Amino acid sequence: MKKVAVVLAGCGAKDGSEISETVTLLLALDQHNIQYQCFAPNENQHHVINHVTSHVANEERNVMVESARIVRGDILPIEDFNADEFDALFFPGGFGAAKNLFTYAIDGMNFTVNRHVEKAIRDIHEQGKPIGAMCIAPMMLAKVLGNVMITMGSESNRQAAEVRSFGAEHIETENGGVVGDIKNKVFTTPCFMLDATLKDIYQDAWNLVEAVSAEC
């Protein structure tokens with residue numbers, strides 16, 4: 001049975017991983033009979049957002065502890081990731097991913113990537129194993145890997161131009177679309193970078209898993 005790693009960024013689109021993307025990804029993996037293990041940084045998230053008011057809350061939460069809410073506690077710290085043990089690596093999106101895994105939502109194009117997350121990306125890539133990324137997460141792959149082919153959804157999204165500054169090639173897609181860079185084994189899908197319903201997100205997740213599993 002194939003086994004993959006899924007890296008989470010918390011629980012909730014505004015300050016963690018997008019829950020719809022995460023759950024549909026895990027469902028698609030299960031439906032493809034692929035075993036998964038989730039990881040997350042064991043550190044405080046950038047901030048906590050009240051998802052009703054969108055205001056910053058005066059509290060602190062741990063990224064791994066919050067991520068554990070989605071996966072019923074079955075999660076490990078990202079520093080424990082070992083590329084030798086997995087056939088592929090996946091990243092759901094969410095605005096919080098661009099705060100807690102990399103800092104694009106905070107620092108714009110001067111963003112940095114969590115060192116353990118970057119190491120996971122580089123290690124799996126150097127072993128020639130595939131990486132799947134959803135929504136905003138491909139921005140991180142463009143920064144770390146450079147010359148890869150990805151999608152951020154519409155060509156009119158400013159992120160389409162931004163990823164090119166890292167040497168990446170941007171390909172426009174619609175809901176359900178997956179851009180596959182076969183040479184680099186990088187697979188990306190737009191999710192909420194486009195107007196999307198839950199059905200669209202599930203289709204994105206299913207198609208992403210189909211594409212990645214064919215390269216494992």
Side-chain angles (χ1 to χ4, degrees), residues 2-30 34-51 56-57 59-107 111-125 129-141 143-145 187-189 191-192 201 204-205 208-209 212:
K2 297 173 183 175
K3 183 177 182 181
V4 305
V6 179
V7 181
L8 303 182
C11 181
K14 296 178 182 179
D15 58 8
S17 290
E18 212 295 319
I19 298 172
S20 300
E21 293 175 19
T22 303
V23 173
T24 55
L25 172 63
L26 299 182
L27 174 60
L29 289 168
D30 192 31
I34 296 173
Q35 184 180 358
Y36 58 82
Q37 173 63 58
C38 291
F39 292 86
N42 185 17
E43 56 191 50
N44 283 345
Q45 59 192 57
H46 173 67
H47 56 199
V48 178
I49 297 289
N50 181 319
H51 279 59
V56 177
E59 60 180 289
E60 293 183 348
R61 297 188 184 183
N62 178 280
V63 178
M64 189 173 75
V65 172
E66 290 301 293
S67 300
R69 293 176 179 271
I70 306 176
V71 292
R72 300 175 63 86
D74 185 12
I75 197 158
L76 296 172
I78 185 62
E79 53 265 37
D80 288 355
F81 173 81
N82 182 348
D84 294 340
E85 299 174 357
F86 298 96
D87 298 302
L89 180 63
F90 284 89
F91 293 94
F95 203 46
K99 298 174 181 177
N100 300 328
L101 302 185
F102 61 112
T103 64
Y104 173 75
I106 305 159
D107 300 321
F111 74 86
T112 57
V113 181
N114 176 288
R115 63 189 180 92
H116 298 295
V117 173
E118 180 171 356
K119 185 178 186 300
I121 293 169
R122 292 193 184 280
D123 286 353
I124 208 86
H125 182 67
K129 296 173 180 177
I131 302 172
M134 308 168 79
C135 195
I136 193 65
M139 177 70 74
M140 176 176 58
L141 300 185
K143 176 71 175 283
V144 174
L145 300 178
F187 300 85
T188 55
T189 190
C191 296
F192 286 112
I201 301 305
D204 286 334
L208 182 66
V209 171
V212 170

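Source: prediction; values computed, not measured.
- The shortest non-hydrogen separation linking Gly16 to Asn100 is CA-ND2, 4.1 Å.
- When all heavy atoms are compared, the tightest approach of Lys129 to Asp87 is CB-O, 3.6 Å.
- Asp15 places no side-chain N or O within 3.5 Å of a backbone atom of Gly96 that could act as its donor or acceptor partner.
- Val117 places a side-chain heavy atom less than 4.5 Å from the side chain of Phe91.
- Rounding to the nearest 0.5 Å places CD of Glu43 at 10.5 Å from CE of Met64.
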Hey, mind stepping through Lys143 and Phe102 against side chain to side chain contact (heavy atoms under 4.5 Å, CB included) and telling me if it holds? CA-CA 10 Å; Lys143 176 71 175 283; Phe102 61 112; over 6 Å; no
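- Scanning all heavy atoms of the two residues, the minimum distance from Pro138 to Cys135 falls at CD-O, 3.0 Å.
- No side-chain heavy atom of Val71 sits less than 4.5 Å from a side-chain heavy atom of Val6.
- The CG atom of Leu89 lies 8.5 Å from the CG atom of Leu141; values are rounded to the nearest 0.5 Å.
- Counting all heavy atoms, side chain and backbone alike, Ala105 lies closest to Lys99 at CB-CG, 3.8 Å.
- To the nearest 0.5 Å, the span separating CE on Met140 from CG on Leu145 amounts to 9.5 Å.
- Residues satisfying the side-chain hydrogen bond (donor to acceptor under 3.5 Å, both in side chains) criterion with Glu79, sequence neighbours excluded, are absent altogether.
- Every side-chain contact (heavy atoms from CB on, under 4.5 Å) that Ala83 has, sequence neighbours left out, goes to Phe81, Asp123, Ile124, Gln127.
- Annotation for Met134 and Ala205: closest pair CE-CB, 4.0 Å, computed over non-hydrogen atoms.
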Before you tell me yes or no, could you show the steps for Ile49 and Val56 under side chain to side chain contact (heavy atoms under 4.5 Å, CB included), namely the whole-Å CA-CA distance, both residues' side-chain angles and the distance that decides it to 0.1 Å? CA-CA 5 Å; Ile49 297 289; Val56 177; 3.7 Å; yes
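- Between the His116 side chain and the Pro41 main chain, no donor and acceptor come within less than 3.5 Å of each other.
- Under a 3.5 Å cut-off, the side chain of Asp204 and the backbone N or O of Cys191 do form a donor-acceptor pair.
- When side chains are defined from C-beta on, Ile201 counts as touching Phe192, because their heavy atoms get closer than 4.5 Å.
- Around NZ of Lys2, the count of heavy atoms belonging to other residues, nucleotides or ligands within 6.0 Å exceeds 12.
- Between Phe39 and Phe86, the ring centre distance stays below 6.0 Å.
- Within the structure, salt bridge (Lys or Arg N to Asp or Glu O under 4.0 Å) contacts touching residues 63-78 (residues at least two apart or in different chains) are Arg61-Glu66, Glu66-Arg69.
- A search for side-chain contact (heavy atoms from CB on, under 4.5 Å) contacts involving Val23 returns Ile19, Ile70, not counting sequence neighbours.
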Take Val4 and Val209 through the side chain to side chain contact (heavy atoms under 4.5 Å, CB included) test and state the conclusion after the steps. CA-CA 11 Å; Val4 305; Val209 171; over 6 Å; no
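- The shortest distance between side-chain heavy atoms of Leu208 and Glu21 does not fall below 4.5 Å.
- By the 4.5 Å heavy-atom criterion applied to side chains, Asn42 and Ile78 are not counted as neighbours.
- In this structure, the side-chain contact (heavy atoms from CB on, under 4.5 Å) partners of Glu60, at least two apart in sequence or on a different chain, are Asn44.
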Output, in order, the C-alpha distance, side-chain angles, deciding distance and verdict of side chain to side chain contact (heavy atoms under 4.5 Å, CB included) for Arg122 and Val144. CA-CA 8 Å; Arg122 292 193 184 280; Val144 174; 3.8 Å; yes
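- Ser17 is linked by a side-chain contact (heavy atoms from CB on, under 4.5 Å) to Leu8, Ala9, Thr22, counting only residues two or more places apart in sequence or in another chain.
- When all heavy atoms of Pro92 and Ala137 are compared, the pair lying nearest together is O-CB, 4.0 Å.
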